[in-house]
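Notes follow the structure.
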Amino acid sequence: MDGYLSKLRGLASSAANAVQSKIGREYEADFSGPAQAHSGLWSLYRSRRRGATNQPVTIWVFDKQRFFDRGINRQTMGAHEQALVLERLKTEAAKLTRLRHPSVLQVMEPLEDTRATLAFVTEPVVASLSDLCTGTNKCMVDGDEYELDELELQKGLLQVSQALQFLHRDANLVHGNLQPSAVVVNAKGDWKLAGLGFAQPTANQRRAAFEYDYGMPAHTQQTLAFMAPELVSEGSCTPMSDAFSLGCLAYALHNRGTSPIDCGTDPGAHRKAVISAAQQHIRGLPDALVPIIGRLLSTDAANRMSLDEFQRSAYFDNILVSSLRYLEALAAQPDDQKIAFMQNLSRIIPGYPARVRRRKLLPMLLDQTNDHALLQFTLPNVFLVAEDLSQKEFESLAAPGLLPVYSLAGLTTAAIVVLLKHASMMQTKIDAKVFGQQVMPLVYNSLVSSDPLVQEQALDAVPLISQKLKYVDLRDHLLPRVQQLYARATILAHKVRALVCLQNMLNSLDKPTIISRILPMLKKTRTREPQVVMAMVSVYEYLGMEKLDNGEVAREVIPVLWAFVVETRLPVKEFDILMDVVKRISEKVKEGQRMKAEEIERIDRQTLLQPPKDTTTRDEASLATGSGTTRGRDALSNPLAQNPITNSAKATQSSWEWDAPTSVEADDMFGSFANASVSSPVRSPQVSLKHTASGKLGAMKLGTTAAAATTAFGMTLPPPPPPSTSLKTGAVASSRQPAMQPLSFGQSLGQPALAPLPRKQPTAQQKHIGGKTADLDDFDPFA
């Protein structure tokens, strides 16, 4: 077992060393694993070109050591036989290198002959038909498993027949060995002709009859099961010989790779097998293909169907196949036929399988975009195919061909309209940065275009685009151009569409932008056409219900809506809609403000229900020494607290206080007046008031100090205290002071009453802040 594994490792290293030449230096490939596919004696490996291009390719490798040292080949093949095999392979690669046709395998690097291998590089190949029809290899094309359904067979057989026709007419060659392993499928799903090791000139040269060499491997010889009878029996190789092989190939593809000629490796049994195949009922074929196969397998070369007849046969009388054929030859058609074909193609495209649309139709349609005069007819078909692609597929298959079209100069109006119509689809398929750089410039330019059709389509595209556009691009680029179009529009429908665009952008714009740029624009709109007014009403409705607060709505929205009501002559239906908007917005403002009023009332009620706070009484001993404190004020700051007072005077002196029910601590706010007006140590009653900035009365504290008393709101002070003791004699006063009259706010005792200030009438927009402005509780302009 170890010896076997060692041998396998040796063979792998041989394959890896096979390409230590230019191919090995310029292309990356893993030759240690199994080959991707096989075609005759060649092993096919997936690879990529080194460098920036990273181009995918397929490297065809023939490992000399692995083949010639393998089993029976080592015993039966001498130097001469090995040289014949190598010469045949070199001939095949050389002929492929010289030929150029869409249905012939394209060689990208010519054959390199090293000590260990033969190798050359071709376009990407995924499998051969022998792998596909026998099921030995599952081929993946564009992420999907490739299946030989009837449409693929029709398209592929048509391509093979075209390749054979090219060989016969242009290259003057007869393939001579057409079979499933001689046809490969490339990465796009196209069939490509290969296996030209036995190709002969088309001149009808007679050679010796075919003899099968049993000492040589099967792949080094022509395959009897696919050879024409005249080639086997007479050695005559003509273009009709390839027509016979094409019939065998078509049969085999419908029967899992089995040829209708069942003769094994016996040339003598070949002719009998051909006669039997022509006489028996051919099974497993579509009805349209049965008579075609019968004619292709005729034993008489003169009676066989030619390749031209094959391509025009009923088997290809299919709208899908014929459309593909016409599209491939479209460049040679006159312009009027091109236009007619492109206009009808959109009805045919849905009938194609998805993989055919992606791999075959899309590349051919993108090639047609080089004809700028027909872009307006080609682009709708391109977008029809591309819309079903995933984002990854779109970026790799469609974007490289579509994006350059958006930046073309001199586009016709019809082409621009098509591009704008599908701009939103492009936004969902490509990167946002790429979209902003390569697609949005066309949208911006279209909004400021002088062509009404272009402007209209741009306005139709904006609502869909704006939802996913970057905010900076929306605010700084898209919004100004829409506003410019709105301001300069002379077509009523354009103004309405511009307002629809603005409304769709409102959800993405911030409030400062709306206030500074949208509202002024709406206010400056002078037209009062019903269509424009109703479009503005829709914008205002969204602003009033979703974006602006109640104050902004009351100032910026509701007055404008009422102006619309009285200034615009609207039909009854539109008038009812406008009034409904006014009502709903007003109700929203009303409910919001009512909730605020209820919240303020609740807070006030809770404040009034709080219990009075305990007051701090003054200790007599501390008053005598001047070290006592009163609540809210340091007694040391009052010079009256330092005057000596007799015990008899303090015993007869009256002191009273009152705290309003408030949570704010009460202070003596008028101590300065007391300090400034002291002329006698006699203490007189005083009103001490504190009024907070919150609009509520706050706390009022009444006490006996030496200052002149003041009061507010016409409050009557309490009766004077009992007669006090004179500070000089200690005698008790024998007379009572006269009764005190109500005082005005700011009036001192002994001063005349102040004249009342005139009350300022409240305005509609006056705010109630801190209790310093008029109350608006009873004002409701929407009642």
Within a 6.0 Å radius of atom NZ on Lys588, are there more than 12 heavy atoms belonging to other residues, nucleotides or ligands? yes
Ion pair present between Lys547 and Glu552, side-chain N to carboxylate O less than 4.0 angstrom? no
Is the backbone N or O of Ile465 less than 3.5 Å from a side-chain atom of Gln427, with the two atoms forming a donor-acceptor pair by type? yes
Is any side-chain heavy atom of Pro480 closer than 4.5 Å to a side-chain heavy atom of Arg517? yes
Tell me the closest heavy-atom pair linking Pro559 and Ala554, and the distance in Å. CD-O, 3.2 Å
Nearest heavy-atom pair of Arg357 and Val385: which atoms, and what distance? O-CG1, 3.4 Å
How about Met534 and Leu570: do any of their side-chain heavy atoms sit closer than 4.5 Å? yes
Rounded to the nearest 0.5 Å, what separation is found between the CG atom of Leu345 and the OH atom of Tyr352? 6.5 Å
From CG (Leu492) to CD (Gln531), nearest 0.5 Å: 5.0 Å
Checking Arg528 against Phe564 for the side-chain contact (heavy atoms from CB on, under 4.5 Å) test, could you report, in this order, the C-alpha distance in whole Å, the side-chain angles of both residues, the deciding distance, and whether it holds? CA-CA 8 Å; Arg528 287 298 181 262; Phe564 287 163; 3.6 Å; yes
Before accepting this row, confirm whether a basic side-chain N of the pair Lys495/Glu529 lies closer than 4.0 Å to the acidic partner's carboxylate O. no
If you take all heavy atoms of Val417 and Gln457, which pair is closest and at what distance? O-CG, 3.6 Å
If I compare all heavy atoms of Leu447 with all of Leu485, which pair ends up nearest, and what's the gap? O-CD1, 3.0 Å
Measuring from atom CD1 of Ile514 to atom CG of Leu506, what distance do you get when rounded to the nearest 0.5 angstrom? 5.0 Å
Carefully, step by step, assess Thr369 and Leu402 under the rule side-chain contact (heavy atoms from CB on, under 4.5 Å). CA-CA 8 Å; Thr369 58; Leu402 267 178; 5.5 Å; no
Which atom pair, heavy atoms only, marks the closest approach of Pro404 to Ala399? CD-O, 4.0 Å
Expected output: side-chain His494 to main-chain Thr490 donor-acceptor under 3.5 Å: no
Ser449 side chain to Asn445 main-chain N or O, any donor-acceptor pair under 3.5 Å? no
Short side-chain to backbone donor-acceptor contact, Thr568 and Val565, under 3.5 Å: no
Nearest heavy-atom contact between Leu408 and His372 is CD1-NE2, 3.7 Å
Before you tell me yes or no, could you show the steps for Asp473 and Leu478 under side-chain contact (heavy atoms from CB on, under 4.5 Å), namely the whole-Å CA-CA distance, both residues' side-chain angles and the distance that decides it to 0.1 Å? CA-CA 6 Å; Asp473 294 334; Leu478 185 60; over 6 Å; no
Any donor-acceptor N or O pair under 3.5 Å, side chains Gln503, Ser538: yes
Are Arg497 and Asp460 packed together at the side-chain level, in the sense that at least one heavy-atom pair is separated by less than 4.5 angstrom? yes
Describe, in one word, how the ring planes of Phe383 and Tyr406 are oriented to each other, choosing from parallel (under 30°), tilted (30 to 60°) and perpendicular (over 60°). perpendicular
Decide, yes or no, whether a salt bridge links Lys429 with Glu395 under the criterion of side-chain N to carboxylate O below 4.0 Å. no
Would Asn504 and Ser466 count as a side chain to side chain donor-acceptor pair (under 3.5 Å) here? Give the steps. CA-CA 7 Å; Asn504 278 274; Ser466 61; 5.7 Å; no
Could you tell me whether a side-chain N or O of Ser346 sits under 3.5 Å from a main-chain N or O of Met342, the two making a donor and an acceptor? no
If we ignore hydrogens and angles and just use 3.5 Å, is the side chain of Thr513 paired with the main-chain N or O of Leu509 as donor and acceptor? no
Which is it for Met579 and Lys583 under the side-chain contact (heavy atoms from CB on, under 4.5 Å) test, yes or no, and what are the steps along the way? CA-CA 6 Å; Met579 292 306 303; Lys583 179 180 179 181; over 6 Å; no
Heavy-atom distance under 4.5 Å between the side chains of Asp371 and Leu374, does that happen here? yes
Go through it in stages, so that I can follow the logic: the residues are Thr607 and Asp604, the test is side chain to side chain donor-acceptor pair (under 3.5 Å), and I'd like the CA-CA distance, side-chain angles, deciding distance and then a yes or no. CA-CA 5 Å; Thr607 302; Asp604 290 346; 5.2 Å; no
Test your reading of the model: is there a side-chain donor-acceptor pair from Asn370 to the backbone of Asp367, 3.5 Å cut-off? yes
Could you tell me whether Glu598 and Arg602 have a side-chain N and a carboxylate O separated by less than 4.0 Å? no
Is the NZ atom of Lys596 crowded by more than 12 outside heavy atoms at less than 6.0 Å? no
Taking side chain as C-beta onward, heavy atoms only, is Leu502 less than 4.5 Å from Leu479? yes
Interatomic spacing from OH in Tyr540 to CD1 in Ile518 - rounded to 0.5 Å: 10.5 Å
Student check: side-chain heavy atoms of Leu411 and Leu419 closer than 4.5 Å: yes
Calculate, to the nearest 0.5 Å, the distance between atoms CG and NZ belonging to Leu365 and Lys360 respectively. 11.5 Å
With Glu591 via side chain to side chain contact (heavy atoms under 4.5 Å, CB included) - residues at least two apart: Glu587
Output for pair (Glu541 CD, Arg584 CZ), nearest 0.5 Å, gives 4.0 Å
With a 4.5 Å limit on heavy-atom distance, are the side chains of Gln593 and Asn550 in contact? yes
Check this for me: does any side-chain nitrogen of one of Lys523 and Glu556 sit under 4.0 Å from a carboxylate oxygen of the other? yes
Please tell me if the side chains of Thr428 and Lys468 come closer than 4.5 Å, counting only heavy atoms from C-beta onward. yes
